[in-house]
Enquirer: 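Below you'll find the structure I mean.
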Amino acid sequence: MSFKSAYLNDLMERVIKRNPGESEFHQTVREVLESIEPVLEARPDFVESGVVERMVEPERIIKFRVPWLDDNGKVQVNRGFRIQFNSAIGPYKGGLRLHPSVNLGIIKFLGFEQIFKNSLTGLPIGGGKGGSDFDPKGKSDREVMAFCQAFMSELCKYIGADTDVPAGDIGTGAREIGYMFGQYKKLRGLFEGVLTGKGLSYGGSLARTEATGYGLLYLTEEMLKCHGEVMKGKTAAVSGAGNVAIYAIEKAEQMGVKPVTCSDSTGWVYDPDGIDAAALKEIKEVKRQRLTEYKKYRQNSEYHEGKGVWTVKCDIALPCATQNELDLEDAKMLAANGVIAVCEGANMPTTAEATKYFQENGVYFVPGKAANAGGVAASALEMSQDSERIAWSFERVDTELKKIMVRLYHNIDEAAKKYGFEGNYVVGANIAGFEKVVDAMNAQGIV
Ligand code: NDP
């Protein structure tokens with residue numbers, strides 16, 4: 001065990017015993033406990049009130065069967081999850097992931113991260129996450145609808161505009177949110193802001209689609225500015241080709257940064273002239289095709305099978321695909337190629353060893369719970385608009401988003417400095433997120 005404090009060693013051991021085989025969950029709990037160790041040293045009352053033990057245990061776990069009929073009339077059975085992790089500062093909020101790799105441990109890791117991320121936005125939202133091992137890839141629209149309706153038929157019993165508000169994540173885009181919203185409305189007889197990431201014709205928010213990627217770039221810009229660097233003229237390596245990656249690439253272009261890569265689960269693209277965000281949107285959002293199609297839009301680009309984004313020379317690395325996609329070897333390669341900043345668009349895409357390597361080798365590193373918080377922040381703004389029954393302009397949401405990301409950067413920077421960890425944004429994000437939630441939990445008593 002890696003903690004100085006016997007209390008934290010004991011707690012970590014219990015988390016591992018109680019949640020066997022859930023390695024991603026152990027990984028994120030360990031990272032948070034390591035970060036908050038100095039806070040607990042300064043505040044023994046946090047240990048006495050058992051607040052950390054309570055925090056690592058979800059308030060509620062919902063696990064359910066999702067039966068649906070495929071196009072051949074055959075019954076398919078998937079597994080659905082919703083983890084309502086922490087409601088100390090607001091209704092549970094967090095996405096629904098649809099991917100064959102989904103299991104309880106993955107959802108628990110994402111739900112735990114979400115508590116701190118949501119707290120960092122400064123908005124009143126608690127932490128939750130959900131999803132299913134259903135794979136929307138290769139399914140017809142009717143099959144996706146049948147799955148979404150079956151999923152929501154069960155989930156609708158546990159969510160609501162003031163209790164738990166799910167959103168999109170890997171595999172859950174505008175189409176899936178639409179089918180789920182329709183089923184919720186039908187079963188509960190309520191037209192309310194129960195989901196975010198909705199279409200604009202039924203309560204969605206302008207700029208929500210762009211928010212995670214744009215927010216990532218706003219935060220990166222602010223951080224670099226505070227270190228005397230400018231965005232303009234830099235080169236970025238981006239992984240992923242989904243919602244986060246596409247809008248990170250689009251905003252990078254707008255800021256004068258050249259994003260030269262993107263990737264999906266089968267291969268990656270290098271475009272020396274800069275990835276064309278419009279082409280990527282057409283391939284991924286409209287035609288739902290593989291990245292092999294990209295070459296048809298840009299003759300100079302290269303497509304490679306497998307993994308390889310992190311071998312490319314860049315100033316800024318933006319991992320925007322999935323967890324643990326950037327390992328120690330990748331980190332060494334990026335550092336050797338002169339990377340100055342790594343900001344996570346995805347949730348925990350960098351392994352613990354790679355994170356440590358960046359921190360020890362002078363690379364600015366911002367974890368996903370801070371750097372990708374723009375998505376959930378815009379979701380919270382969507383909730384506000386739904387409650388007010390008013391739609392804000394794109395500019396208003398985008399301006400708020402930018403303010404939130406800039407403030408967030410300064411909060412994590414100051415939290416790290418306060419405890420003597422200047423420049424360590426992992427520690428800063430965990431502490432800043434933790435302090436607000438702990439304050440609320442302690443004020444509300446042992447519940
Ligand atoms: P999408 O489903 O839109 O895109 C995910 C991208 O990552 C796709 O290009 C996908 O490839 C690739 N990918 C997924 N799984 C793997 C894998 N196992 N190996 C390699 N590539 C993979 O998801 P998002 O863009 O919404 O989410 C990306 C990340 O950002 C996730 O970690 C998510 O939790 C996080 N995030 C998303 C937010 C949002 O607002 N959307 C908010 C905050 C965090 P393929 O197309 O082949 O499937």
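In this chain, residues are counted from 1 in sequence order. This is a predicted model, so every value here is computed, not measured.
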Enquirer: With sequence neighbours left out, which residue pairs that include part of residues 170-181 fulfil the side-chain hydrogen bond (donor to acceptor under 3.5 Å, both in side chains) condition?
Expert: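 Pairs touching residues 170-181 that pass the test: D141-R175.
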Enquirer: Donor-acceptor check, side chain of R188 to backbone of C156, threshold 3.5 angstrom: yes or no?
Expert: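 Judged by distance alone, yes, a pair lies under 3.5 Å.
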Enquirer: From T235 OG1 over to I316 CD1, what is the distance, rounded to the nearest 0.5 angstrom?
Expert: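 Result: 8.5 Å between the selected atoms.
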Enquirer: Between R54 and E57, is there a salt bridge with N-O shorter than 4.0 Å?
Expert: no
Enquirer: Would you say M441 and V447 make side-chain contact, with heavy atoms under 4.5 Å?
Expert: no
Enquirer: Measure from the side-chain N and O atoms of Q444 to the backbone N and O of A88, and report whether any donor-acceptor pair falls under 3.5 Å.
Expert: yes
Enquirer: Using the six-membered ring wherever Trp is involved, compare the ring planes of F434 and F116 and label them parallel, tilted or perpendicular (cut-offs 30° and 60°).
Expert: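 Parallel.
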Enquirer: Decide yes or no for R208 and S379: does some side-chain heavy atom of the first lie under 4.5 Å from some side-chain heavy atom of the second?
Expert: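 Yes. Closest side-chain heavy atoms under 4.5 Å.
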Enquirer: Name all residues meeting the side chain to side chain donor-acceptor pair (under 3.5 Å) criterion together with E285; count only those two or more places apart in sequence or in a different chain, and write none if there are none.
Expert: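 Side chain to side chain donor-acceptor pair (under 3.5 Å) check on E285 returns Y247.
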Enquirer: Not counting sequence neighbours, which residues clear side chain to side chain donor-acceptor pair (under 3.5 Å) with E31? List them please.
Expert: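 Expected list: K369, N430.
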Enquirer: Under the side chain to side chain contact (heavy atoms under 4.5 Å, CB included) test, which residues partner E329, sequence neighbours left out?
Expert: D327, K332
Enquirer: When rounded to the nearest 0.5 angstrom, what is the spacing between NZ in K234 and SG in C314?
Expert: 12.0 Å
Enquirer: How many angstroms lie between atom CD1 of I106 and atom CD1 of I83, to the nearest 0.5 angstrom?
Expert: 11.0 Å
Enquirer: Decide, yes or no, whether a salt bridge links E382 with K198 under the criterion of side-chain N to carboxylate O below 4.0 Å.
Expert: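 A salt bridge links E382 with K198.
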Enquirer: Test side-chain hydrogen bond (donor to acceptor under 3.5 Å, both in side chains) on S132 and N78; report intermediate values, then the result.
Expert: CA-CA 7 Å; S132 170; N78 285 101; 4.5 Å; no
Enquirer: Sub-3.5 Å donor-acceptor pair from the side chain of D264 to the main-chain atoms of G267, do we have one?
Expert: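 Yes; judged by distance alone, with no hydrogens or angles, the pair exists.
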Enquirer: Would you check, one step at a time, whether the test side chain to side chain contact (heavy atoms under 4.5 Å, CB included) holds for L401 with M405?
Expert: CA-CA 6 Å; L401 171 69; M405 297 311 291; 4.2 Å; yes
Enquirer: If we only count heavy atoms from C-beta on, is the R82 to L96 side-chain gap below 4.5 Å?
Expert: yes
Enquirer: Any side-chain heavy-atom pair from D164 and Y158 closer than 4.5 angstrom?
Expert: no
Enquirer: Answer yes or no: is there an ion pair linking K108 with E22, defined by an N-O contact shorter than 4.0 Å?
Expert: yes
Enquirer: Any salt bridge (Lys or Arg N to Asp or Glu O under 4.0 Å) involving residues 237-260? Give me the pairs, sequence neighbours left out, ordered by first then second residue.
Expert: E250-K281
Enquirer: Please list, chain by chain and in numerical order, all residues satisfying side chain to side chain donor-acceptor pair (under 3.5 Å) with S5, sequence neighbours excluded.
Expert: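 If we apply the side chain to side chain donor-acceptor pair (under 3.5 Å) test to S5, skipping adjacent residues, there are no hits.
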Enquirer: Run the ring-centre check on F81 versus F151 and record whether the distance is less than 6.0 Å.
Expert: no
Enquirer: Ring pair (Phe, Tyr, Trp, His ring centres under 6.0 Å): which pairs involve residues 354-381, sequence neighbours left out?
Expert: H227-Y364
Enquirer: Do D10 and R14 sit within salt-bridge range, that is, some charged N less than 4.0 Å from a carboxylate O?
Expert: yes
Enquirer: Check for a donor-acceptor pair, side chain of T28 on one end and backbone N or O of E24 on the other, with a separation under 3.5 Å.
Expert: no
Enquirer: Within the structure provided, determine whether Q114 and K93 are in side-chain contact (heavy-atom separation under 4.5 Å).
Expert: no
Enquirer: Taking only residues two or more places apart in sequence or in another chain, which ones pass side chain to side chain donor-acceptor pair (under 3.5 Å) with T121?
Expert: none
Enquirer: If you take all heavy atoms of A241 and L280, which pair is closest and at what distance?
Expert: CB-CD1, 4.3 Å
Enquirer: State whether E400 and K403 are salt-bridged, where the test is any N-O pair (Lys NZ or Arg NE/NH1/NH2 against Asp/Glu carboxylate O) under 4.0 Å.
Expert: yes
Enquirer: Is it the case that the side chain of S239 and the backbone of C320 share a donor-acceptor pair, with hydrogens and angles ignored and the cut-off at 3.5 Å?
Expert: yes
Enquirer: For the side chain of N243 and the backbone of T209, is there at least one donor-acceptor N/O pair under 3.5 Å apart?
Expert: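 Side chain of N243 to backbone of T209, a donor-acceptor pair under 3.5 Å: yes, one is there.
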Enquirer: I'd like to know if the side chain of Q359 and the backbone of N424 have a donor-acceptor N/O pair within less than 3.5 Å.
Expert: no
Enquirer: Which heavy atom of A277 sits nearest to which heavy atom of I249, and what is that distance?
Expert: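 For A277 versus I249, the nearest heavy atoms are CB-CG2, 4.0 Å.
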Enquirer: Return the CZ to NZ distance between F191 and K185, rounded to the nearest 0.5 Å.
Expert: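 If I round to the nearest 0.5 Å, the distance is 7.0 Å.
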Enquirer: With a 4.5 Å limit on heavy-atom distance, are the side chains of L334 and V363 in contact?
Expert: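 No - every pair of side-chain heavy atoms lies 4.5 Å or more apart.
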Enquirer: Rounded to the nearest 0.5 Å, what separation is found between the CG atom of L195 and the CD1 atom of I159?
Expert: 5.5 Å
Enquirer: List, one per line, each side-chain donor-acceptor pair under 3.5 Å for residues 219-226, sequence neighbours excluded.
Expert:
residue: T220; atom: OG1; partner: L216; partner atom: O; Å: 2.6
residue: E222; atom: OE2; partner: H410; partner atom: NE2; Å: 2.7

Enquirer: Where do Y218 and Y409 land on the ring pair (Phe, Tyr, Trp, His ring centres under 6.0 Å) test, with the steps shown first?
Expert: CA-CA 10 Å; Y218 293 145; Y409 167 72; over 10 Å; no
Enquirer: Per the salt bridge (Lys or Arg N to Asp or Glu O under 4.0 Å) rule, what does the pair list look like for residues 424-447, sequence neighbours excluded?
Expert: K418-E435
Enquirer: Using atom types as modelled and distance alone, determine if a side-chain donor or acceptor of D133 lies under 3.5 Å from a backbone N or O of R79.
Expert: yes
Enquirer: Say you draw a straight line from CD of Q149 to CG of L187; how long is it, rounded to the nearest 0.5 Å?
Expert: 9.0 Å
Enquirer: Take a 6.0 Å sphere around CD of Q254 and say whether it holds more than 12 heavy atoms from other residues, nucleotides or ligands.
Expert: yes
Enquirer: L123 vs I404, test: side chain to side chain contact (heavy atoms under 4.5 Å, CB included). Steps then yes/no.
Expert: CA-CA 9 Å; L123 302 170; I404 289 169; 4.1 Å; yes
Enquirer: Show me the pairs that pass salt bridge (Lys or Arg N to Asp or Glu O under 4.0 Å) and involve residues 115-132, at least two apart or across chains.
Expert: K129-D169
Enquirer: How about F85 and F112: are their ring centroids closer than 6.0 Å?
Expert: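 Yes, close enough.
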Enquirer: Decide side-chain hydrogen bond (donor to acceptor under 3.5 Å, both in side chains) for E53 and Y7; before the verdict, give the C-alpha distance in whole Å, the side-chain angles of both, and the deciding distance to 0.1 Å.
Expert: CA-CA 10 Å; E53 282 99 316; Y7 164 74; 2.5 Å; yes
Enquirer: Side chains of N86 and M55: does their closest heavy-atom pair fall under 4.5 Å?
Expert: yes
Enquirer: Please name all residues satisfying side chain to side chain contact (heavy atoms under 4.5 Å, CB included) with A207, sequence neighbours left out, ordered by chain then number.
Expert: E210, F394, V397
Enquirer: Could you give me the CA-CA distance, side-chain angles and deciding distance for F46 and V438, then say whether side chain to side chain contact (heavy atoms under 4.5 Å, CB included) is met?
Expert: CA-CA 8 Å; F46 286 175; V438 166; 3.5 Å; yes
Enquirer: So, do V260 and Y270 sit near enough that their side-chain heavy atoms are less than 4.5 Å apart?
Expert: yes
Enquirer: Between N372 and T212, is there a donor-acceptor pair closer than 3.5 Å when you use the side chain of the first and the backbone of the second?
Expert: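 Such a contact is absent between N372 side chain and T212 backbone.
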Enquirer: Sub-3.5 Å donor-acceptor pair from the side chain of T261 to the main-chain atoms of V238, do we have one?
Expert: yes
